[in-house]
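A short write-up of the structure that comes next.
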Amino acid sequence: YEMYLRGSRASQEGTREGMLRAIRDFARATVLEPRWGEAWARLGMAQASMVDAGFDSDPRWYDKSTETLARAQSLDPEGPTVNFGLGRLHLVFGRKHEAYRCFLATRRSAPNFAHNYHYLGYLFRLCDMLEEAKQSVALSIELDPSVVWPYAHMVRIHQVLGDLGGARE
């Protein structure tokens with residue numbers, strides 16, 4: 001569990017080095033507890049984050065993430081972290097229906113997980129469902145006002161809607 005916690009802290013640093021440490025620590029957690037789906041899911045999300053966060057553009061990170069998240073799903077098919085990670089990956093590859101199903105599964109098992117609503121909002125925006133996007137992102141902010149990304153997302157939604165006053169708020 002200690003390696004998992006270290007990986008969690010490192011993944012929140014917002015640096016390439018921190019994400020690489022997170023990958024290393026989550027990988028160690030999976031060696032120590034090979035049947036722990038949550039650790040595999042966090043490893044898979046950290047691998048995908050190497051590209052998503054702009055730390056490394058090598059698409060092999062997505063290949064690794066796909067394999068790792070498949071392992072996580074085989075161990076914990078209903079796990080919210082597993083489904084959230086899979087949803088993020090589906091979204092990256094443009095598989096909106098699959099992403100939606102995964103985000104809904106996450107919501108069923110973790111209804112107060114703020115990041116899930118942020119990503120649902122992103123999915124809705126990509127589908128031109130801007131009012132739904134706005135509601136989902138607002139819920140993300142309500143659940144965890146300390147995360148910066150949903151605020152920027154809300155500004156973008158207001159801009160797309162032509163609501164510059166709302167974007168300034």
Under a side-chain separation threshold of 4.5 Å, the hydrophobic residues clustered together with L126 are M45, F84, L91, Y100, F103, L104, F113, Y117, Y119, L120, Y122, L123, F124, M129, L139, L143
Main chain of S136, side chain of S140: is a donor-acceptor contact present, judged purely on distance under 3.5 Å? no
Where the side chain of R71 meets the backbone of P34, is there a donor-acceptor pair that is under 3.5 Å apart? yes
In Å and rounded to the nearest 0.5 Å, what is the NE2 to CD distance from H90 to E98? 5.5 Å
State whether the side chain of S49 and the backbone N or O of D52 hold a donor-acceptor pair below 3.5 Å, judged by distance alone. no
Smallest heavy-atom separation, K96 atom then C127 atom, equals CD-SG, 3.7 Å
Would one find more than 12 heavy atoms of other residues, nucleotides or ligands at under 6.0 Å from atom CD of E78? no
For F26, which fellow cluster members are found when Ile, Leu, Val, Met, Phe, Trp and Tyr are connected by side-chain heavy-atom distances below 4.5 angstrom, either directly or through intermediates? Y1, Y4, L5, M19, L20, I23, W36, W40, L43, M50, V51, F55, W61, Y62, L69, L75, V82, L86, L89, V92, F93
Between R125 and H153, is a side-chain contact (heavy atoms from CB on, under 4.5 Å) present by the stated rule, with each step listed? CA-CA 10 Å; R125 184 170 57 81; H153 192 183; 3.2 Å; yes
Would you mind checking if R21 and E17 are paired as a salt bridge, meaning a charged N to carboxylate O distance below 4.0 Å? no
Give the minimum heavy-atom separation between A39 and A29, together with the two atoms involved. CB-CB, 4.1 Å
Under a 4.5 Å cut-off applied to non-hydrogen side-chain atoms, are L161 and E131 in contact? yes
Electrostatic pair D25:R9 at N-O distance under 4.0 angstrom: no
When every non-hydrogen atom of S65 is compared with those of A48, the smallest separation belongs to OG-CB, 3.5 Å
Given 3.5 Å as the limit, does a donor-acceptor pair link the side chain of N83 with the main chain of P77, or not? yes
Report the residue from D58, D63, D56 that forms a side-chain hydrogen bond (donor to acceptor under 3.5 Å, both in side chains) with R60. D58
Got more than 12 heavy atoms from elsewhere within 6.0 Å of CZ, R95? yes
Do you know which two heavy atoms are closest between P80 and A110, and how far apart they sit? CB-CB, 3.7 Å
Quick check for you: to the nearest 0.5 Å, what is the distance between Q159 atom CD and M154 atom CE? 12.5 Å
Say you draw a straight line from CZ of R35 to OG1 of T30; how long is it, rounded to the nearest 0.5 Å? 13.5 Å
Contact summary for I141 and P150, nearest pair of heavy atoms: CG1-CB, 3.5 Å
Which other residues end up in the same hydrophobic cluster as V147, if Ile, Leu, Val, Met, Phe, Trp and Tyr are linked when side-chain heavy atoms come under 4.5 Å apart? V148, W149
Under 3.5 Å, is there a donor-acceptor pair linking the side chains of S8 and R42? yes
Heavy-atom neighbours of R156 CZ exceed 12 at 6.0 Å: no
How far does CD of Q135 sit from CG of L130, to the nearest 0.5 angstrom? 11.5 Å
When rounded to the nearest 0.5 Å, the distance separating SG of C102 from CZ of R107 is 14.0 Å
